[in-house]
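Proteins get letters first, then strands, A, B, ... in listed order; numbering begins at 1 in each. Please read all numbers here as calculations on a predicted model, not as lab measurements.
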Amino acid sequence: MKIASWNVNSLKVRLPQLTEWLAAAQPDVVALQETKLEDARFPRDELAAAGYRAVFAGQKSYNGVAILAREEPREVVTDIPGLDDPQRRILAASVGPLRVVDLYVVNGKAVGDPKYAYKLAWLEKVREFLAREHERHPHLVVLGDFNIAPDDRDVHDPAAWHERVLCSTPEREALRRITELGLADSFRLFEPGAGHFSWWDYRQGAFRRNLGLRIDLILIGEALKPAARAATIDREPRRWERPSDHAPVTLELDI
DNA sequence: ATGGTAGAACGTCTA
């Protein structure tokens, strides 16, 4: 099984790129973030033509998450206890043997900003939800745009980003509390080195200069670790015309 | 340089 996560930054704009990438990469499950679409406008028919069933939780203009799969996702959850949140940032569903939780983590804007406090509170509520999900579903996959670079290997210029939003210690500790539920950052099962990024700012030629961060993650439960075969960051779509600022990330599981 | 670019929407927010 090949699973993937991609922040598409507007599914309306990126639909042709998504279908091209689906045809080339042939993933079995795909988590999307920043669809920026109301559910009534979700391109269900176009994705069905590409061979994917879809479940989604969207809103106008901002946020929005979706899970695509070869078979119909089951037991869909869009709202979790303790988060009465109009922002559509979380979507859980069962696909085949997997429990899949798609996250579009709050960006946070800047350390100390009210949005940063919302980010940390949001992550704690999500951690509580994931703890319960993991108890019920050992084959748990938690993936998406985490808006946190786990450590300095995931940052092009750690000095410049020191204690800034996406890299601050409280954010990294919030992520660590989630991985301590027994959820491994699958990319690091295969690649220990620095300099592998999944997001590059649109400005100042950041992609061309590889000035990026690795903030798009696929976490897997301990029970899935023996099945992990390969993890990639596919930079190719970031080179296309009018790209998302994020690259798709993938994990191959022998399951 | 509190800039720069992109998306949604058409002024201004979000990232």
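Set against B/dT5, B/dA15, B/dG4, the side chain of A/Tyr202 has B/dT5 as its closest nucleotide. Closest to the A/Arg14 side chain, of the nucleotides B/dG7, B/dG4, B/dT14, is B/dG7. The nucleotide whose nearest atom lies closest to any side-chain atom of A/Tyr62 is, among B/dG4, B/dA8, B/dC13, B/dC13.
Side chain of A/Glu191 to main chain of A/Gly193: a donor-acceptor pair is present (N/O by atom type, distance under 3.5 Å, no hydrogens or angles). Remark: side-chain polar atoms of A/Ser198 are not paired, donor with acceptor, to backbone N or O of A/Ala247 under 3.5 angstrom.
Put simply, A/Arg242 has no side-chain N or O that comes within less than 4.0 Å of OP1 or OP2 on B/dT5.
Here, B/dG3 and B/dT12 have their P atoms 15 Å apart, quoted to the whole Å. For the C1' atoms, the distance from B/dA15 to B/dT2 is 15 Å, rounded to whole Å.
Distance A/Arg208 CZ to B/dG4 P: 17 Å, rounded to the nearest Å. As rounded to whole Å, 10 Å separates atom C1' of B/dA15 from atom CG of A/Asp145. Between A/Glu38 atom CD and B/dA8 atom C1' the separation is 12 Å, expressed in whole Å.
Contact annotation for A/Lys109: no contact, since no heavy-atom pair falls under 4.0 Å across all strands. Residue contacts for A/Phe207: at a heavy-atom cut-off of 4.0 Å it reaches no nucleic acid atom on any strand shown. Here A/Arg89 lies in heavy-atom contact (under 4.0 Å) with sugar-phosphate atoms only.
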Intermediate values then yes/no, side chain to side chain contact (heavy atoms under 4.5 Å, CB included), A/Thr35 and A/Phe56 | CA-CA 9 Å; A/Thr35 55; A/Phe56 37 85; over 6 Å; no
Would you list the atom pairs, donor with acceptor, under 3.5 Å between side chains in residues 138-150 of chain A and any protein atom, with sequence neighbours excluded?
{"residue": "A/Asp145", "atom": "OD1", "partner": "A/Asn147", "partner atom": "N", "Å": "3.0"}
{"residue": "A/Asp145", "atom": "OD2", "partner": "A/Asn7", "partner atom": "ND2", "Å": "3.0"}
{"residue": "A/Asn147", "atom": "ND2", "partner": "A/Val105", "partner atom": "O", "Å": "2.9"}

